[in-house]
Amino acid sequence: QVQLVESGGGSVQTGGSLRLSCVASGYTRSTYSMAWFRQVPGKKREGVAALDSNGAFSYAESVKGRFTISKDNAKSMINLYLQMNSLKPEDSGVYYCAADFGRGLEYGFVGARFVDWGQGTQVTVSS
């Protein structure tokens, strides 16, 4: 069973930086997509950044040039990161790590296709 555990959220001022981490374990497929989504109460969940095992990347327009998604592979684990720079108040929300072990990003970057989700980590950017 796939497990995703996020960490690294917190509170920063406008212009600051945060790095989110997500550890994936329990997977059995070598082809995968992993992504970060965020949600604010009362608003639709938004895809922030995604990557796959084939080297494809995707970013929301609102974070291009400020956020970087990356990963590294450890023994039986994948560490997914989201480096967030030049943060703005509108970047605030609960950030979720998501994964689809079995398919790459050719299947799209929408929340409905991701099977496994982490518990979320809060990011608050104050002005």
Donor-acceptor list for residues 102-110 side chains, cut-off 3.5 Å, not counting sequence neighbours:
residue : atom : partner : partner atom : Å
R103    : NE   : D100    : OD2          : 2.9
R103    : NH2  : D100    : OD2          : 3.0
R103    : NH2  : R113    : O            : 3.2

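- Annotation: the span from L82 atom CG to S21 atom OG amounts to 9.5 Å, rounded to 0.5 Å.
- Residue V23 is found in a hydrophobic cluster whose other members, listed by chain and number, are M77; membership requires side-chain heavy atoms under 4.5 Å apart, directly or through intermediates.
- Closest of all the heavy-atom pairs between E6 and C97 is OE2-N, 2.7 Å.
- To the nearest 0.5 angstrom, D91 atom CG is 11.5 Å from T124 atom OG1.
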As a quick check of understanding, evaluate side chain to side chain contact (heavy atoms under 4.5 Å, CB included) for V2 and V115, giving each step before the final call. CA-CA 9 Å; V2 174; V115 177; over 6 Å; no
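- Between V94 and Q122 the shortest heavy-atom distance is CG2-OE1, 3.3 Å.
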From CA spacing to verdict: side chain to side chain contact (heavy atoms under 4.5 Å, CB included), V63, R38: CA-CA 12 Å; V63 306; R38 66 187 178 196; 4.0 Å; yes
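- Closest approach of A74 to N79, counting heavy atoms only: CB-ND2, 4.1 Å.
- Classified by interplanar angle (parallel below 30°, tilted 30° to 60°, perpendicular above 60°), the ring pair W117/F37 is tilted.
- Applying the side chain to side chain donor-acceptor pair (under 3.5 Å) rule to K64 yields the partners E61; only residues at least two apart in sequence or on another chain are considered.
- Both V123 and I69 belong to a common hydrophobic cluster when Ile, Leu, Val, Met, Phe, Trp and Tyr are linked at side-chain heavy-atom distances under 4.5 angstrom.
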Please list, one pair per line, the donor and acceptor atoms closer than 3.5 Å that link side chains of residues 9-19 to other protein atoms, with sequence neighbours excluded.
residue : atom : partner : partner atom : Å
T14     : OG1  : S126    : O            : 3.0
S17     : OG   : N85     : OD1          : 2.9

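- Ring geometry for Y59 versus F57: interplanar angle under 30°, hence parallel rather than tilted (30 to 60°).
- In terms of heavy-atom proximity, L4 sits nearest to C22 at CB-SG, 4.0 Å.
- Screening residues 69-101 for ring pair (Phe, Tyr, Trp, His ring centres under 6.0 Å), with sequence neighbours left out, gives Y27-F101, Y32-F101.
- Residues that satisfy the ring pair (Phe, Tyr, Trp, His ring centres under 6.0 Å) test with F67, not counting sequence neighbours, are absent from this structure.
- Closest approach of A112 and R45 over heavy atoms only: N-NH2, 4.2 Å.
- Listed here is the closest heavy atom pair of S33 and D52: OG-CB, 3.9 Å.
- Expressed to the nearest 0.5 Å, how far CG of L87 lies from OG of S92 amounts to 8.0 Å.
- L20 and I78 fall within a single hydrophobic cluster, where Ile, Leu, Val, Met, Phe, Trp and Tyr are joined by side-chain heavy atoms under 4.5 Å apart, directly or via other members.
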